Amino acid sequence: MSRWTDRAACIGEPMEVFFPESNADDKWHAAIDVCSRCPVTRECLALVMHLDDFSDRYGMFGGLTPSQRASLRESMRRLPPKSKEATRG
């Protein structure tokens with residue numbers, strides 16, 4: 001069985017595409033293009049969202065820039081916690 005990373009569209013792409021020198025919004029176009037055709041963006045995003053905010057300040061993961069992931073984390077923090085009843089399948 002292959003790992004999800006083996007199916008990632010970023011394989012073989014230059015690292016600079018996903019880790020530009022600047023986090024300016026205009027530097028992400030190439031990475032967004034690659035991620036938009038990737039079959040495993042959900043898995044990629046799930047992997048990086050397990051990092052803390054400090055460890056996740058660079059690079060494009062799961063189709064999101066660092067600032068987009070920070071906004072997503074903030075939104076997730078505002079969600080009410082799941083009740084124990086809701087988590088029992």
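Treat the numbers as computed from the prediction; the structure is a model and nothing was measured. Heavy atoms only: backbone and side chains are in, while hydrogens, waters and symmetry mates are out.
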Q. Mind checking what makes side-chain hydrogen bond (donor to acceptor under 3.5 Å, both in side chains) contact with Gln68, not counting sequence neighbours?
A. Thr65

Q. Partners of Leu51 by side chain to side chain contact (heavy atoms under 4.5 Å, CB included), sequence neighbours excluded?
A. Val48, Ser55, Asp56, Arg73

Q | From Arg69 atom CZ to Met60 atom CE, the distance as rounded to the nearest 0.5 Å | A | 8.0 Å

Q: Measure the shortest side-chain to side-chain distance between Pro66 and Trp28 over non-hydrogen atoms and say whether it is less than 4.5 angstrom.
A: yes

Q) For Leu79, what are the other residues in its hydrophobic cluster, where any two members join if their side-chain heavy atoms are less than 4.5 angstrom apart? A) none

Q. Side chains of Phe61 and Thr41: closer than 4.5 Å at any heavy-atom pair?
A. no

**Q.** ILVMFWY network linking Leu72 to Val40, side-chain heavy atoms under 4.5 angstrom
**A.** no

Q: List for me each residue that meets ring pair (Phe, Tyr, Trp, His ring centres under 6.0 Å) alongside Tyr58, sequence neighbours excluded, and say none if there are none.
A: none

Q | For Pro39, all residues meeting side chain to side chain contact (heavy atoms under 4.5 Å, CB included), sequence neighbours excluded | A | Arg7

Q. Which residues satisfy the side-chain hydrogen bond (donor to acceptor under 3.5 Å, both in side chains) test with Glu21, sequence neighbours excluded?
A. none

Q) Measuring from Glu13:CD to Cys35:SG, what's the distance to the nearest 0.5 Å? A) 9.5 Å

Q: Establish whether Met49 and Leu64 are linked, either directly or via other cluster members, by ILVMFWY side-chain heavy-atom contacts under 4.5 Å.
A: yes

Q: With sequence neighbours excluded, tell me which residues meet side chain to side chain contact (heavy atoms under 4.5 Å, CB included) with Ala9.
A: Val34, Arg37, Cys38

(Q) Distance check, rounded to the nearest 0.5 Å: Thr5 atom OG1 versus Ile11 atom CD1? (A) 6.5 Å

Q: Calculate, to the nearest 0.5 Å, the distance between atoms SG and CH2 belonging to Cys44 and Trp4 respectively.
A: 4.5 Å

**Q.** Residues that Met15 engages under side chain to side chain contact (heavy atoms under 4.5 Å, CB included), provided they are two or more places apart
**A.** Phe19

Q | Residues which pass side-chain hydrogen bond (donor to acceptor under 3.5 Å, both in side chains) with Arg78, listed by chain and number, not counting sequence neighbours | A | none

